[in-house]
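Data first, discussion second: the structure below is written as structure tokens.
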Amino acid sequence: MSSPTANAAPHAVPTTQAPQSRGQPNVSNAGPDRIVIFDTTLRDGEQSPGASMNLEQKLQVARALRDLGVDVIEAGFAAASPGDLEAIQGVSREVEGPVICSLSRCSKGDIAASWEALQDAPRRRCHVFLATSPIHRDFKLKMAKEEIIRRAVEGVRMARERFEDVEFSAEDSARTELDFLVEVVERAIEAGATTVNIPDTVGYALPSTYADTIRHLRKHVRGIERAVISVHCHNDLGLAVANSLAGVMEGARQVECTINGIGERAGNASLEEIVMACKTRQDVLKLRHGVKTERLYPTSRLVTQVTGLHVQRNKAIVGQNAFAHEAGIHQHGMLTHRETYEIMRPEEVGFARSQLVLGKHSGRHALKERLVALGYQLPDAAVDKVFADFKVLADKKKDIYDADLEALVVHGQILGKGTVAWELDALSTTSGTGTLPVASVALKNAAGEKLQAVASGDGPVDAVFKAIEQVTGFTVKLRDYQIASVSTGEDAQGEVSIEVEHATGVYRGRALSTDIIEGSARAFLDVVNRIALKVAPKDEGARAELGSP
Ligand code: KIV
Ligand code: ZN
């Protein structure tokens, strides 16, 4: 790989609605060594099975991303569903600072939807994409190379009619013939693309092959200096971060990534790993970014809470064990000189050594401060509700940990209920040795009607699930069921997490309760409500037609 700055042109980083000055980076503090952090947690990340978020949850994540200091927030795919459009609109209205971006196919309708969604964003970007690899051309699009070029150019031109800032992605670039990729990228820049993204859509590349691709484009695409080259890597071989870094070492200046690396299949490149690699190995990479690294851990926790996608304990940077030292020899080394076994300080990523935060006598102000530190910026009424729930919990539980507070926010439906199709009204079960477990469940639908069912099952929880299926008409296959204590101590609250398979996809649900049967019923209802949201008739057609980018 060549040195990072030796041939790094000052690529354009368009961000404002002022006439685009191509060739000029316009992130704050721009320069040839400044990389643009493009976060796609709300778009590609949300495509993780079961990771769907409601509007308020997306707004919370977007605010946290702004506070983290990302340059671009891809808030969704406006044409995918009315819910996506509404979320992009909400983020555009509320979140000032980063460029807000919407994904579009190279079609008039998609670009119009992105325009509608981004109307109120002070800084906006339209991101158009079209697949270029032979396998996508032949089997998905059934288009010849000429047609691909024609559509890509048309898509970029249509987008440029409305937007100053247009990104073009050649989907599945990593499996596209290099000479064809050069042609597509060149034509996209000619048509007005200000950023050209080179996705490794299926995570097929190796660091050396991905670096070769970026180097080749920089060498052979005429006009490449007028656009920012962007990297977008998936993690199917566990190489998304390595490939992204290989790309920036060859002069790419935008990295597309997600918090906790969430995304379809094995996920996307993880934002926290990219920025900490740049910070910790500044000696080699010599790259700057605008991320406030001490916000990484709270942002990671927030995304975990709202998506229900847990981070593995040994995950780099944000896993529970990332800064734990068990072995005696390590502990001894650490006490003598911490850098013997620690290349980053936990404080640099906002990792709190102590999770004990509040007690019975803590006031509203302390609670609010702690919520903000955890990444939750809530309106006063919501803080009042969390504070009231906190006081009830503090009466039952001596020590209140960060995890308890997060649970109060997430389970207290502070982040918006979304469209709740069904609510639990009443529940009773009978079970025991030698008796058939039976559950009686009464639910209320959105119209306030009460419906009831009685079912038997393999155990009381199974019986509850069957009764809920009868009332709601949704049939699912249970894939995972777990109960975990939210924090520590005998008085810890229990969180039930379940994962199910439904004809429309995989869904996760969670609920908190001191009663595990009630918690199970509520977690199952959480799933049912997510399914009801997804299969709402208005969304169904659009999603099916789009396929997944
Ligand atoms: O992985 C991919 O190719 C994408 C594009 C739509 C950018 O997500
Ligand atoms: Zn992707």
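Remember, it's 1-based here, ligands and their atoms both numbered in the order they're listed. Here the structure is a predicted model, which is why all the values come from computation and not from measurement.
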Flag the pair [X] and [Y] as a salt bridge only when some basic side-chain nitrogen lies within less than 4.0 angstrom of an acidic carboxylate oxygen.
X: Asp110; Y: Lys108; answer: no
X: Glu183; Y: Lys145; answer: no
X: Glu146; Y: Arg187; answer: no

Distance filter under 4.0 Å to [X] heavy atoms, resulting ligand 1 atoms:
X: Glu171; result: 3 (O)
X: Arg43; result: 4 (C), 5 (C), 6 (C), 7 (C), 8 (O)
X: Pro199; result: 2 (C), 3 (O)
X: His234; result: 1 (O)

Any idea which of Ala174, Ser230, Ser169, Ala131 brings a heavy atom closest to atom 7 (C) of ligand 1? Ser169

Looking only at side chains, do [X] and [Y] share a donor and an acceptor under 3.5 Å apart?
X: Thr258; Y: Asn268; value: no
X: Asp172; Y: Thr201; value: no
X: Glu167; Y: Thr195; value: no

With heavy atoms under 4.0 Å as the rule, classify the contact between Asp44 and ligand 1 as side chain, backbone, both or neither. side chain

If you measure every N or O of His127 against every N or O of ligand 1, does any of those distances drop under 3.5 Å?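 For ligand 1, there is no N or O atom that lies under 3.5 Å from one belonging to His127.
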
Got a sec, which residues hit side-chain contact (heavy atoms from CB on, under 4.5 Å) with Gln312, two or more places apart in sequence or on another chain?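 In terms of side-chain contact (heavy atoms from CB on, under 4.5 Å), with neighbours along the sequence ignored, Gln312 is linked to Asn314, Lys315.
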
Of all N, O or S atoms in Asp44, which has the smallest distance to the Zn ion (ligand 2)? OD2

Can you check the angle at the Zn ion (ligand 2) formed by NE2 of His234 and NE2 of His232? Round it to the nearest 10°. 100°

